[in-house]
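Counting starts at 1 for both ligands and their atoms, following the listed order. It should be emphasised that the depicted structure is a prediction, and the values quoted were computed from it without experimental measurement. Numbers here simply count residues along the sequence, with the first being 1. All values below come from the heavy atoms of this structure, side chains included, with hydrogens, waters and symmetry mates left out.
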Amino acid sequence: MSALTTPNKTPLNPSRPKALNNGTSHNTHNNHHAAPELAPEARIVVGNGHARHDVLQPEFIQQYREDSRALRAEILQGLGRPQANISPKFFYDVLGSRLFEAITDLPEYYPTRTEASIFASAAPAIAARAGSGCVLIDLGAGNCEKAARLFPSLQPAQYVALDISVEFLRGTLASLQQQNPQIPMLGLGADLCGPLDLPTSVKRGRRLFFYPGSSIGNFAPIDALALLQRLRAAAGPGDGVLIGVDLHKDADTLVAAYDDALGVTAAFNRNVLRNVNRIVGSDFALEDWRHAATFDAQASRIQMHLQALRDVTVRWPEGERRFAAGDQIHTEDSHKYRPDDFAILLEAAGFTDPVSWTDPRGWFAIFHARG
Ligand code: AVI
């Protein structure tokens, strides 16, 4: 690929973020808890017996419907491949989501802190560029803390939080609404991997699609391009994207971030087998599997696998798979971009004029581009 535009790279002083976490569920397109049927709620008026006050409540809409047969079929198909794989979306059961939250606090796992430091330093510049008063559409909402930090500078006209299930947004959005009574809020249960069909409750006006945390890195570049193209298709003139992207760096730093000394990432990876056992009724024994994280420098991606420690046969109701000692199940790729390459990806998707902000070490970048 040839460079179309070199994004502005503005080194910024990092400052440690405050921990704001209260959620049990990790954000992202990957979160795959059950998504229950929900009736949308509307703005309500609450009386206190003396005077009447208009209280703005978040609205909730569940679009995505979980299809447990399809999930089961997807897992069994992956286990049946010559190179067995389990999609990373199956990491995020309740325990997996908690383990991911713990990962973000690890000394080795720099992305969350580094991204927060960039947001802290660059918030005014980001707001100047993206413009305040937009409809802020948070594609990886989770506990909404990253978006909430931008409220003071962006002053959004509406905050739309996406998660696979609105159930994970209810508590967080309710308290966020109390703290920000002037911002209308909508919780949307949607799957980022499908077409982005925004309901009419999403206000008209300038939209800023916000996808923090480098979750884009968990897509293969071709799928990342497809996702950006879907966003571009949903964006009108004046709209934009704001995306956190983990950058290419030395292998030692990267491998340590995905194979920490405490073993939290190992637990996160092995926990996927518990979730698979629950969904398909298989009998994976966790003690038979070890966590492995390697960096493929050429493809610029961390690859996570589960490696069989001995010969094992895994059984489920209608089948089984034999693994020899040393065989691996692929569980996740985490792509690390060079800034120019990510700018090219944005432009290939149809966005224009990409700019980025980074930290002094150049480890992480936040990109903005126009629709
Ligand atoms: C969610 N995603 C951006 C994380 C990452 O860094 O790729 C998932 C993760 N896997 C292991 N550690 C963190």
Side-chain angles (χ1 to χ4, degrees), residues 21 23-33 85-93 95-116 118-119 138-146 162-164 168 191-193 210-221 223-224 227 242-249 251 253-273 275 289-296 299-307 328-337 342 363-367:
N21 170 29
T24 54
S25 125
H26 162 53
N27 49 21
T28 88
H29 59 285
N30 293 323
N31 196 323
H32 241 270
H33 300 278
N85 80 287
I86 299 171
S87 162
K89 73 184 177 195
F90 296 107
F91 282 141
Y92 300 98
D93 63 353
L95 180 56
S97 301
R98 290 193 180 130
L99 287 167
F100 179 73
E101 294 286 351
I103 285 173
T104 64
D105 282 336
L106 292 170
E108 297 96 329
Y109 193 77
Y110 61 85
T112 311
R113 290 193 278 288
T114 309
E115 180 182 51
I118 301 169
F119 275 127
D138 187 349
L139 303 171
N143 58 24
C144 307
E145 69 181 66
K146 291 171 184 169
L162 252 89
D163 200 301
I164 201 82
F168 301 110
D191 183 8
L192 252 195
C193 295
F210 179 51
Y211 198 33
S214 199
S215 292
I216 191 99
N218 295 131
F219 291 90
D223 298 325
L227 170 61
L242 189 62
I243 306 189
V245 181
D246 196 15
L247 300 180
H248 183 96
K249 59 185 65 63
T253 302
L254 283 167
V255 171
Y258 290 83
D259 195 6
D260 56 283
L262 203 53
V264 182
T265 310
F268 172 74
N269 195 11
R270 293 165 75 228
N271 178 65
V272 80
L273 298 178
N275 199 25
W289 298 87
R290 69 175 278 270
H291 165 66
T294 51
F295 182 54
D296 178 338
S300 197
R301 63 173 180 233
I302 282 281
Q303 297 175 320
M304 293 208 322
H305 290 89
L306 288 162
Q307 186 175 46
Q328 295 196 325
I329 301 176
H330 177 261
T331 51
E332 185 179 60
D333 285 336
S334 196
H335 293 263
K336 310 301 172 188
Y337 285 90
F342 197 77
W363 279 9
F364 199 95
I366 293 162
F367 280 82

Measure [X] to ligand 1 on non-hydrogen atoms and call it side chain, backbone, both or neither using the 4.0 Å cut-off.
{"X": "Y92", "value": "side chain"}
{"X": "N218", "value": "side chain"}
{"X": "F268", "value": "side chain"}

Test K336 against L247 for side-chain contact (heavy atoms from CB on, under 4.5 Å), laying out the working first. CA-CA 5 Å; K336 310 301 172 188; L247 300 180; over 6 Å; no
Using a 4.5 Å cut-off on heavy atoms from C-beta on, say whether the side chain of F119 contacts that of I366.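 They are in contact (side-chain heavy atoms under 4.5 Å apart), so the answer is yes.
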Angle class for the F342/F367 ring planes (parallel below 30°, perpendicular above 60°, tilted otherwise)?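 Judged by the thresholds at 30° and 60°, the geometry between F342 and F367 is tilted.
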I need the single residue from S215, S334, S214 that forms a side-chain contact (heavy atoms from CB on, under 4.5 Å) with D246. Which is it?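 Filter result, single survivor: S214.
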[X]: numbered ligand 1 atoms lying under 4.0 Å from its heavy atoms:
{"X": "Y258", "result": "5 (C), 6 (O), 7 (O), 10 (N), 11 (C), 12 (N), 13 (C)"}
{"X": "G213", "result": "3 (C)"}
{"X": "Y109", "result": "4 (C), 5 (C), 6 (O), 12 (N), 13 (C)"}
{"X": "F100", "result": "1 (C), 4 (C), 8 (C), 9 (C), 13 (C)"}
{"X": "S214", "result": "3 (C)"}

Which is it for N275 and Y92 under the side-chain hydrogen bond (donor to acceptor under 3.5 Å, both in side chains) test, yes or no, and what are the steps along the way? CA-CA 8 Å; N275 199 25; Y92 300 98; over 6 Å; no
Whether P111 lies under 4.0 Å from ligand 1, heavy atom: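 Flag not set, P111 not near ligand 1.
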Any G217 heavy atom less than 4.0 Å from ligand 1: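 It does not, in that no heavy atom of G217 comes within the 4.0 Å cut-off of ligand 1.
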Check the pair Y110, T253 against side-chain hydrogen bond (donor to acceptor under 3.5 Å, both in side chains), reporting the backbone distance first and the verdict last. CA-CA 9 Å; Y110 61 85; T253 302; over 6 Å; no
Between E101 and N143, does the side-chain contact (heavy atoms from CB on, under 4.5 Å) criterion hold? Intermediate values first, please. CA-CA 10 Å; E101 294 286 351; N143 58 24; 3.8 Å; yes
Steps toward side-chain contact (heavy atoms from CB on, under 4.5 Å) verdict (T265, L106): CA-CA 10 Å; T265 310; L106 292 170; 4.2 Å; yes
Heteroatom distance test (S334, ligand 1): nitrogen or oxygen, under 3.5 angstrom: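 Yes: some nitrogen or oxygen of S334 is under 3.5 Å from one in ligand 1.
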